[in-house]
Student: 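Sharing a structure, written as structure tokens. Questions coming.
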Amino acid sequence: MELNQKLRALWEQHVFWTRLTVNSIVGHLPDEKVTIERLLRNPIDFAAVLKPFYGVDIANKFAKLLTEHLTIAVELVKALQAGDTATATDAQKRWFANADAIAEFLSRINPYWSKEDWQNMLYEHLRLLTNEVATRLAGNYVDNVDSSDEIQSQAHEMADNMTYGIIQQFPAAFSH
């Protein structure tokens, strides 16, 4: 239960700080820099939870991949905000390639995590975030706010999948 709560909190923070970052970029808000800095702490926090199970190297590799996911997202939002379709298209391709790399990595470190399942979840995450950015850029705030619930629900799915795999892989860590 404690592991699931930690992972749910991390995925919730992931989508929360991503949302605030999108809003800061699109709205040209003065908190953009500090909001992005806080967003980029999320992969480090994930690494801290994964470290006891997978060790420093694997936890840091996941943090690196997740940091890439977030920095590409920031680049993509800024390109879309500026109307730079070439940069946005390139960033989107790299974003999906990064999702593939994360899915591949997770499937290699845990036999209970399917590459296909993670790829599907990550692609859905990217689809939902793309919709969130598009509705924000369009000034469609009702749909933008509504999208947040769907994003949070999907983040819980990723947290629950992550929890299940860790418990299955390391049952001794959870028996009393």
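Note that the numbering runs from 1 along the sequence shown for the chain.
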Student: May I ask you to test the His125-His69 pair for a side-chain heavy-atom distance under 4.5 Å?
Tutor: yes
Student: Quick one: CG on Asp117 to OG on Ser107, what's the gap to the nearest 0.5 Å?
Tutor: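 If we round to the nearest 0.5 Å, Asp117:CG and Ser107:OG are 10.0 Å apart.
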Student: What residues, two or more places apart in sequence or in another chain, satisfy ring-ring contact (aromatic ring centres under 6.0 Å, His included) together with Phe62?
Tutor: Phe46
Student: With salt bridge (Lys or Arg N to Asp or Glu O under 4.0 Å) as the rule and sequence neighbours excluded, what pairs involving residues 55-66 come up?
Tutor: Lys64-Glu68
Student: Return the CG to OH distance between Leu3 and Tyr164, rounded to the nearest 0.5 Å.
Tutor: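 Between Leu3 CG and Tyr164 OH, I get 14.0 Å after rounding to 0.5 Å.
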Student: Given 3.5 Å as the limit, does a donor-acceptor pair link the side chain of Asp84 with the main chain of Thr87, or not?
Tutor: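 Confirmed, Asp84 side chain pairs with Thr87 backbone.
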Student: Sequence neighbours left out, what passes salt bridge (charged side-chain N to carboxylate O under 4.0 Å, His left out) with Lys51? Give chain and number order.
Tutor: none
Student: Report yes or no: do Thr163 and Asn4 form a side-chain donor-acceptor pair below 3.5 Å?
Tutor: yes
Student: Shared ILVMFWY cluster between Leu126 and Phe105, side chains joined below 4.5 angstrom?
Tutor: no
Student: Return the CG to OG1 distance between Asp90 and Thr85, rounded to the nearest 0.5 Å.
Tutor: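 Nearest 0.5 Å value for the CG-OG1 distance: 11.5 Å.
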Student: Compare all side-chain heavy atoms of Thr35 with those of Trp17 and state whether any distance is below 4.5 angstrom.
Tutor: yes
Student: Going through the distances and angles, do Phe170 and Tyr54 end up as a ring-ring contact (aromatic ring centres under 6.0 Å, His included)?
Tutor: CA-CA 10 Å; Phe170 302 102; Tyr54 296 102; 5.3 Å; yes
Student: Nearest 0.5 Å please: distance from the OG1 atom of Thr71 over to the CG atom of Leu39.
Tutor: 9.5 Å
Student: Would you tabulate the side-chain donor-acceptor contacts of residues 145-154 under 3.5 Å, counting partners in other chains and residues two or more places apart, or write 'none'?
Tutor:
residue : atom : partner : partner atom : Å
Ser147  : OG   : Asn144  : O            : 2.6
Gln152  : NE2  : Glu12   : OE2          : 3.4
Gln154  : NE2  : Met121  : O            : 2.8

Student: Please tell me whether Val74 and Leu70 are part of a single hydrophobic cluster in this structure, the criterion being side-chain heavy atoms less than 4.5 Å apart.
Tutor: yes
Student: With rounding to the nearest 0.5 Å, note down the distance linking CZ in Phe53 to CD1 in Ile166.
Tutor: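 The CZ atom of Phe53 sits 5.5 Å away from the CD1 atom of Ile166.
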Student: For Ala79 versus Ala88, what's the shortest heavy-atom pair and its separation?
Tutor: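 Looking at all heavy atoms of both residues, the shortest contact is CB-N, 3.7 Å.
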Student: Nearest 0.5 Å, please: how far is CG in Leu129 from CG in Leu76?
Tutor: 8.0 Å
Student: On a heavy-atom basis, which atom in Ala103 and which in Lys115 lie closest, and how many Å separate them?
Tutor: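 Between these two residues, the closest heavy atoms are CB-O, 3.6 Å.
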Student: Answer whether the closest heavy-atom distance between the side chains of Glu124 and Glu157 falls below 4.5 Å.
Tutor: no
Student: Salt bridge check: are Arg8 and Asp160 linked by an N-O gap of less than 4.0 Å?
Tutor: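 The answer is yes: the pair qualifies as a salt bridge.
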Student: Output yes when a side-chain donor or acceptor of Trp113 lies under 3.5 Å from a complementary backbone atom of Asn161, and no otherwise.
Tutor: yes
Student: Is there a donor-acceptor contact under 3.5 Å linking the side chains of Asp143 and Asn140?
Tutor: yes
Student: Does Val77 reach the side chain of Thr21, with side-chain heavy atoms less than 4.5 Å apart?
Tutor: no
Student: Under a 3.5 Å distance rule, please check whether Asn98 uses its side chain to pair with a backbone N or O of Arg94 as donor and acceptor.
Tutor: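 No, the answer is negative, given that no donor and acceptor are paired below the 3.5 Å cut-off.
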Student: Does Met162 share a hydrophobic cluster with Val15, counting links as ILVMFWY side-chain heavy atoms below 4.5 Å and allowing steps through other members?
Tutor: no
Student: The test is side-chain contact (heavy atoms from CB on, under 4.5 Å); show your working for Arg19 and His14 and say whether it passes.
Tutor: CA-CA 9 Å; Arg19 178 173 178 75; His14 179 86; over 6 Å; no
Student: Linking I/L/V/M/F/W/Y whenever their side-chain heavy atoms sit closer than 4.5 Å, directly or via other members, would Leu65 and Trp95 fall into one cluster?
Tutor: no
Student: Evaluate the criterion salt bridge (charged side-chain N to carboxylate O under 4.0 Å, His left out) for residue pair Arg41 and Glu37; output intermediate values, then yes/no.
Tutor: CA-CA 7 Å; Arg41 193 178 86 200; Glu37 287 171 0; over 6 Å; no
Student: Is Leu40 reachable from Leu10 through a run of I, L, V, M, F, W or Y residues, each pair having side-chain heavy atoms under 4.5 Å apart?
Tutor: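 No; Leu40 is not reachable from Leu10 via cluster members.
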Student: Within the structure provided, determine whether Gln169 and Ile109 are in side-chain contact (heavy-atom separation under 4.5 Å).
Tutor: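 Side chain of Gln169 against side chain of Ile109, heavy atoms only: no contact under 4.5 Å found.
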Student: Give the other cluster members for Tyr141, using side-chain heavy-atom distances under 4.5 Å between Ile, Leu, Val, Met, Phe, Trp and Tyr residues; answer none if it is isolated.
Tutor: none
Student: Please name all residues satisfying ring-ring contact (aromatic ring centres under 6.0 Å, His included) with Phe96, sequence neighbours left out, ordered by chain then number.
Tutor: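 Listed in chain order: Tyr123.
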Student: Does Glu132 come within less than 4.0 Å of Arg127, counting only side-chain N to carboxylate O?
Tutor: no
Student: Please test Ile102 against Leu122 for side-chain contact (heavy atoms from CB on, under 4.5 Å), starting from the C-alpha separation and ending with a verdict.
Tutor: CA-CA 8 Å; Ile102 292 171; Leu122 291 167; 3.6 Å; yes
